[in-house]
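Here is the structure we will look at, set down as structure tokens.
We count ligands from 1, going down the list as the structure has it; atoms in each ligand are counted the same way.
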Amino acid sequence: MAFFDKLKRMMGFSSAQATREEGTGKLEPGEKIRGRPRIHVLATGGTIAGRLVSTGPRYRAGVLGIEALLDAVPALRGLADLSHEQVANIGSQDMDESIWLNLARRVNELLASPDVDGVVITHGTDTLEETACFLDLAVDSVKPVVLVGATRPAGALGADGPGNLLDAVTVTANPASSGRGVLVVMHGSLFEARDITKVSSSALPAFAAPNSGPLGQLVDGRIHYGQRTVLSPKRPCFDVSRLDKLPPVGIVYGHAGASALPIKAMLDAGYRGIVSAGVGSGNLHRDVLAALADASGRGVVVVRASRVPSGLTLRNVEVDDNRFGFVAAGMLNPQKARVLLQLALTRTRKPEEIQKVFDSY
Ligand code: ASP
């Protein structure tokens, strides 16, 4: 059996999904992309497409079009044949599920074509990790998908966008980047979607993977993969091709003296799931615990995560998850636990089934 077919089986792709890529020019083991790699760039905005302004805030994100970003880095054309399209042009603080669903559909469509070897997505850094996680769970291909952003707008002293974009295309063009799930390239490091998070709102490097570290580094245009990618054999992959929305799921932030008020508001609004960004190992103020236990009793799925930037939220440590029917988020931070819960809720509302999905990602 060809390596990538085995990999797909290990990753839990169904045979229907697996056959979709038959004969579509997927890479075989050790095979180099024949000729020049063909990479499609999808642009969504962000500071990488931002411009300095003279009045009001210092700059505006999501202003420049994709042609301008590509033209600013002539060396890109030496690495690959690039095609491009503008999916959105927003600050990623405005990212939403309708853009996610469009992106997932478009990426799946592009990668199913024998004419595309990989996809680069330019994105704002504010919610980049959430989009990366969503696509990691909704893209069904072993071809590389790489997200990239910048923390300084074009024209700023030390703008990081051009270098990051060059690195992203370098990674996407390299066959060693296949079969690793969705990747993020920022500031000379390469990360997997599951663990990367924005760790600085102002300084560089702005991203880290607190639990697993970066997958590799880029030095002078060469990729040094330091880690093997170990994808869970039962890794979930969600077919979002027929969805036009996702179940509503909110996040409640834990703090000293926390109140149950936000939870009540979410229940009144008909939320199907609630993620708790709890304190410590995902602990909950007693009032919050009572409200979430009540929500869980009414069929709302409650996932316990933690506001602490690293470490795991495991079952039944200080909270009796078995008793309350809660799900533990494991390695996922609250914002990614929300993404996975939204997708999992498209399949089931049973907490024990949803726990299995979390455990397998
Ligand atoms: N607000 C911007 C965005 O996320 C910040 C950035 O890209 O760094 O679009």
Looking only at protein heavy atoms, which one is nearest to atom 2 (C) of ligand 1, and how far off is it?
Thr47 OG1, 3.5 Å
For ligand 1, which atoms, with element, lie under 4.0 Å from some heavy atom of Gly91?
9 (O)
Contact check, Ala150 vs ligand 1, heavy-atom distance below 4.0 Å
yes
So, regarding Tyr59 and ligand 1 (criterion: nitrogen or oxygen to nitrogen or oxygen, under 3.5 Å), is there a contact or not?
no
Donor-acceptor under 3.5 Å (Lys336 side chain, Ala132 main chain):
no
Is there a donor-acceptor pair under 3.5 Å between the side chain of Asn108 and the backbone N or O of Val139?
no
Whether Arg298 and Asp294 form a salt bridge (side-chain N of Lys/Arg under 4.0 Å from carboxylate O of Asp/Glu) is what I want to check.
yes
How far is atom 8 (O) of ligand 1 from its nearest protein heavy atom, and which residue and atom name does that atom have?
Thr125 OG1, 2.4 Å
Rounded to the nearest 0.5 Å, what separates atom CG in Leu215 from atom NE2 in His224?
14.5 Å
I need the nearest protein heavy-atom contact for atom 9 (O) of ligand 1: residue, atom name and distance, please.
Ser92 N, 2.6 Å
Honestly, is Arg180 close enough over Tyr225, meaning NZ or CZ under 6.0 Å from the six-membered ring centre and within 45° of the axis?
yes
Numbered atoms of ligand 1 (with element) below 4.0 Å of Gln93, judged on heavy atoms:
1 (N), 2 (C), 3 (C), 4 (O), 9 (O)
Check ion pair Asp117-Arg38 (N to O, under 4.0 angstrom):
yes
